[in-house]
Number of protein chains: 2
Amino acid sequence: MFSKACEYGIKAAIFIATQSYEGKRVSPKAISEEIDSPQAFTAKILQALVRNDLVTSVKGAYGGFEIDRNQLSSIKLSQVVNAIDGDSIYKGCGLGLHKCDASHPCSVHDKFVAVRAGLKDMLENTSLEELALNIKSGDAFLKV
Amino acid sequence: MFSKACEYGIKAAIFIATQSYEGKRVSPKAISEEIDSPQAFTAKILQALVRNDLVTSVKGAYGGFEIDRNQLSSIKLSQVVNAIDGDSIYKGCGLGLHKCDASHPCSVHDKFVAVRAGLKDMLENTSLEELALNIKSGDAFLKV
DNA sequence: CTTATTTCGGATAAATTTATCCTATTTATA
DNA sequence: TATAAATAGGATAAATTTATCCGAAATAAG
Ligand code: FES
Ligand code: FES
């Protein structure tokens with residue numbers, strides 16, 4: 001469904017969110033340990049999140065990654081996915097036609113569009129805050 | 001969403017279905033031209049469909065691929081997807097946890113399971129016959 | 001039986017994704 | 001200013017997916 005990079009990116013964003021809740025910055029090392037991902041690869045993905053203004057990075061000593069607490073509720077999963085995997089999951093044809101187009105639809109277009117809309121809706125209506133709280137409460141997990 | 005192999009497999013199955021409707025067998029060459037896919041790679045994918053008893057192959061002169069007309073309505077898209085991509089799209093965790101498990105859920109589990117159920121339902125309730133008829137009527141397309 | 005045709009299947013190559021390594025740059029603190 | 005700590009980013013490697021090639025096996029027809 002999502003690329004490995006995107007899975008790591010989502011989990012990293014959620015973990016950063018849980019720590020930013022308490023005003024803590026986190027390192028790629030801490031992140032990769034917490035979400036069980038390769039450190040250097042995760043660092044690359046974090047850069048993409050920074051470039052897309054979803055996460056703030058602070059260089060130098062005592063630096064790290066953080067998310068503005070006031071933005072935790074407004075940052076949606078869709079933005080994280082879009083920053084890493086792009087928008088093909090929303091816009092691309094399910095059977096790989098050059099573009100998804102109702103006037104030249106593939107065989108599964110009508111049905112696929114409906115499923116995709118459900119996914120889009122889910123991603124656009126799920127905030128990092130919500131996911132971070134689920135982790136903090138112990139209702140959900142980031143690894144294993 | 002689906003792998004390239006799976007996209008080709010679905011389109012190939014649909015094309016074979018349209019031809020089997022008229023009692024015609026088709027070659028990998030004809031298939032790859034019709035669905036705009038690499039021929040040798042498509043041939044490999046067809047073998048997977050044959051192994052899974054979704055498509056019948058006839059070797060030798062005047063051979064080719066075909067689908068029993070009586071089965072067109074009972075073969076579902078889910079079977080084609082399953083033969084090529086396996087069942088991870090139904091069963092796998094959206095964030096890559098080792099298994100999707102309600103007692104140890106990832107952050108998006110509840111919402112993801114719902115989206116996945118929609119996809120599963122769609123695939124399990126769409127027959128090759130239905131898709132083949134859409135192609136024959138010109139309401140849907142296999143390439144471009 | 002021979003031949004032409006066609007799928008099967010193994011080996012290999014190219015492309016993409018995933019992962020690692022190392023150096024440069026930035027920055028807080030002493 | 002010097003130093004240590006930390007992200008940024010380029011180069012490279014490994015793994016997986018996608019794609020190609022070629023000979024073996026099967027089969028219909030002459
Ligand atoms: S054209 Fe294929 S999903 Fe819309
Ligand atoms: S545990 Fe992640 S989707 Fe179910």
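Numbered from 1 within each chain, the chains take letters A, B, ... in sequence-line order.
- With dT7(C), dA19(D), dA19(C) as the choices, the nucleotide that has an atom nearest any side-chain atom of Pro38(B) turns out to be dA19(D).
- Ser57(A) has no side-chain polar atom (N or O) that falls below the 4.0 Å cut-off from OP1 or OP2 of dA6(D).
- Look at CD1 on Ile84(A): it is 13 Å from C1' on dT18(C), rounded to the nearest Å.
- Taken from NZ in Lys11(B) to OG in Ser37(B), the straight-line distance is 7.5 Å, to the nearest 0.5 Å.
- Residue Ala61(B) places its side chain closer to dT5(C) than to any other of dT5(C), dC21(D), dT7(C).
- Between Ser27(B) and Lys4(A), the residue anchored closer to the 5' end of DNA chain C is Ser27(B), taking for each the nucleotide with the nearest heavy atom.
- With the nearest nucleotide of DNA chain D identified for both Lys44(A) and Gly63(A), Gly63(A) has the one nearer the 5' end.
- For the pair Tyr62(B) OH and dT3(C) C1', the interatomic distance rounds to 13 Å; values are reported in whole Å.
- Among the protein residues, Phe41(A) comes within range of the nucleic acid bases, having at least one heavy atom under 4.0 Å from a base atom.
- With the nearest nucleotide of DNA chain C identified for both Ser3(A) and Gly60(A), Ser3(A) has the one nearer the 5' end.
- Ile45(B) has its CD1 atom 8 Å from the P atom of dT18(D), to the nearest Å.
- Per the geometry, NZ belonging to Lys59(B) stands 5 Å off C1' belonging to dA25(D), to the nearest Å.
- dT7(C) atom P lies 15 Å from atom CZ of Arg51(B), rounded to whole Å.
- With values rounded to the nearest 0.5 angstrom, Gln71(A) atom CD is found 12.0 Å from Glu129(A) atom CD.
- Taking every heavy atom of both residues into account, Thr42(B) and Ser32(B) meet most closely at OG1-CB, 4.2 Å.
- Val55(B) comes within contact range of no nucleotide atom at all, as no heavy-atom separation falls under 4.0 Å.
- Computed from coordinates, the Lys29(B) NZ to dT20(D) P distance equals 14 Å when rounded to whole Å.
- Side-chain contact, Lys111(A) with Thr126(B): a donor N or O sits under 3.5 Å from an acceptor N or O.
- Considering only side-chain N and O atoms, Tyr8(B) lies under 4.0 angstrom from the phosphate OP1 or OP2 of dA19(D).
- For the pair Gln47(A) and dT7(D), the criterion of a side-chain N or O lying under 4.0 Å from OP1 or OP2 is not met.
- Rounding to whole angstrom units, CG of residue Leu49(A) and P of dA8(D) are separated by 11 Å.
- Look at Gln39(A) and you won't find any side-chain N or O under 4.0 angstrom from OP1 or OP2 of dT20(C).
- Across the protein-nucleic acid pair, Asp36(A) atom CG and dT18(C) atom P stand 16 Å apart, rounded to whole Å.
- A donor-acceptor contact under 3.5 angstrom links the side chains of Ser3(B) and Asp85(B), judged on distance only.
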